[in-house]
Amino acid sequence: MPELPEVESVRRALERVMVGATFDEVVLRRPDLRTPFPEAFATRLTGRTVVALTRRAKYLLAEASSGDSLVMHLGMSGDFRVERAGAPLEIGVHDHVVFRMSSGARIVFNDYRRFGFMDLVPTAQLTNHASLRALGPEPLSASFDAATLARACHRRRVAIKIALLDQRVVAGLGNIYAVEALHRARVSPFRRASTLATRSGGPRESAVRLAAAIKHVLEHAIDRAGRADDRAGRFRVYERAGQRCLRRGCGGRIARRLQAGRSTFYCPVCQR
DNA sequence: CCCACGACCTGCTGGC
DNA sequence: TGCCAGCAGGTCGTGG
């Protein structure tokens, strides 16, 4: 589930039930996720109030009144479920963390592949945190545009698809939206990243289209995430191998190829 | 610095 | 029916 739009929608759900509420109880049902939980994880949170619930790339950040921030990542399969006060407690095998909040809500972290993680760091040191330090610009912020993208791609010889997955280039894109953005921008995923920039590192026309496409697909996905969604029709290329390209007048057939071990879906006709 | 690759986990699908 | 390979929306550490 979780690329930037899905993480953002989880953030909004958690914000409603966590901000202003206090951790009454924190239960760890195992000692680790991808990494061990930090020392005294539960006791450092218990009794503290959540001041803010923000997001950086695919990371969720819960700032606690203690001066610590809870850093959470959903990995490939992580998700939070919110249960209202009084709901019967039903814990599954892959429910690893339970927060009982003063609002009465119970928040359960489920992650069957366990690629997610949680860490607790002093809020003042958040920007130095190993996972957050090297992140590139937020794609939906004003600081991300064609010029930023071109500069980041300038000296990279890897394929543009690979560059888009590099969180230092742009923070929060994953396999699905990288592929969707490239299709929307009519840019081939196999082009070298450096071909989006001029010799001096300025944006070419393709960089302008790609930066705009990245913003568009992410914003669109966040909008949709709020509604009860039909999975069908969510994507224009992802998982559509063998089907017709949806670009008007194109008529190509969507193909699938592996790049760095991950599926790339693209239209060989309109993406150049 | 850049880049490729394997590791970490479980579950589902499709082919034989 | 069972079994097994391949694949799944992410990141990190280790090499060259």
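So you know, we letter chains A, B, ... as the sequences are listed, proteins then strands, and number each from 1.
With distances taken from any side-chain atom of Val158(A) to the nucleotides dC3(B), dG10(C), dA8(C), the minimum falls on dC3(B). For Arg156(A), the side-chain atoms get nearest to dC3(B) when compared with the rest of dC3(B), dC12(C), dA8(C). Looking at the side chain of Arg262(A), the nearest of the listed nucleotides dC12(C), dA8(C), dG9(C) is dG9(C).
Using a 4.0 Å cut-off between charged nitrogen and carboxylate oxygen, Arg48(A) and Asp68(A) do not count as a salt-bridge pair. Between Arg12(A) and Glu15(A) there is no salt bridge, since no side-chain nitrogen of the basic residue lies less than 4.0 Å from a carboxylate oxygen of the acidic one. Look at Arg34(A) and Asp32(A) and you find no salt bridge, because none of the NZ, NE, NH1 or NH2 atoms lies under 4.0 Å from a carboxylate O. Here Arg156(A) pairs with Asp166(A) in a salt bridge; the nearest charged N to carboxylate O distance falls below 4.0 Å. Ion pairing between a basic and an acidic side chain is recognised when a charged N comes within 4.0 Å of a carboxylate O; Arg55(A) and Glu138(A) show such pairing.
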message = Run Gln271(A) and Ser188(A) through side-chain hydrogen bond (donor to acceptor under 3.5 Å, both in side chains) and show every step you take.
response = CA-CA 5 Å; Gln271(A) 289 179 254; Ser188(A) 164; over 6 Å; no
message = Asp145(A) vs Lys215(A), test: salt bridge (Lys or Arg N to Asp or Glu O under 4.0 Å). Steps then yes/no.
response = CA-CA 9 Å; Asp145(A) 58 17; Lys215(A) 287 175 190 278; over 6 Å; no
request  = Begin with the C-alpha distance, continue with both residues' side-chain angles, and end with the deciding distance and a verdict on side-chain hydrogen bond (donor to acceptor under 3.5 Å, both in side chains) for Asp79(A) and Asn110(A).
outcome  = CA-CA 5 Å; Asp79(A) 198 15; Asn110(A) 178 281; over 6 Å; no
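When the P atom is compared between dC3(C) and dC9(B), the two are found 24 Å apart, to the nearest whole Å. Between dG6(C) and dG6(B), the two P atoms lie 14 Å apart (nearest whole Å). Of the P atoms belonging to dA5(C) and dA7(B), the separation is 16 Å, rounded to the nearest Å.
Atom CG of Asp166(A) is separated from atom C1' of dC3(B) by 10 Å (rounded to the nearest Å). Between the CE atom of Met76(A) and the C1' atom of dC7(C) there is a distance of 9 Å, given to the nearest Å. Atoms CE (Met72(A)) and C1' (dT11(C)) sit 18 Å apart, rounded to a whole Å. When rounded to the nearest whole Å, the span between CZ of Phe117(A) and C1' of dG10(C) equals 11 Å. Nucleotide dT11(C) holds its P atom 12 Å from the CG atom of Leu60(A), rounded to whole Å. As rounded to whole Å, 18 Å separates atom P of dC1(B) from atom CZ of Arg157(A). Between Gln259(A) atom CD and dC5(B) atom C1' the separation is 15 Å, expressed in whole Å. For the pair Arg256(A) CZ and dG14(B) P, the computed distance is 13 Å after rounding to whole Å.
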Kindly give the atom pairs (protein nitrogen or oxygen, nucleotide nitrogen or oxygen) under 3.5 Å for nucleotides 8-12 of chain B.
| residue | atom | partner | partner atom | Å |
| --- | --- | --- | --- | --- |
| dC9(B) | O3' | Arg114(A) | NH2 | 3.4 |
| dC9(B) | O2 | Arg113(A) | NE | 3.1 |
| dT10(B) | OP1 | Arg114(A) | NH2 | 3.0 |
| dT10(B) | O4' | Tyr112(A) | O | 3.3 |
| dT10(B) | O3' | His94(A) | NE2 | 3.2 |
| dG11(B) | OP1 | His94(A) | NE2 | 2.7 |

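For the OP1/OP2 pair of dG9(C) and a distance below 4.0 Å, the side-chain nitrogens and oxygens of Tyr177(A) include no atom meeting the criterion. Neither OP1 nor OP2 of dG10(C) sits under 4.0 Å from any side-chain N or O of Gln167(A).
Annotation: cation-pi pair Arg256(A)/Tyr266(A) absent, no NZ/CZ under 6.0 Å from the ring centroid and within 45° of its normal.
The aromatic rings of Phe117(A) and His129(A) lie parallel to each other, their planes meeting at an angle below 30°, with 60° marking the opposite boundary.
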key: Watson-Crick or G-U pairs under 3.5 Å in DNA chain C, rendered as dot-bracket with [ ] for crossing pairs and | for another strand   = .|||||||.|||||||
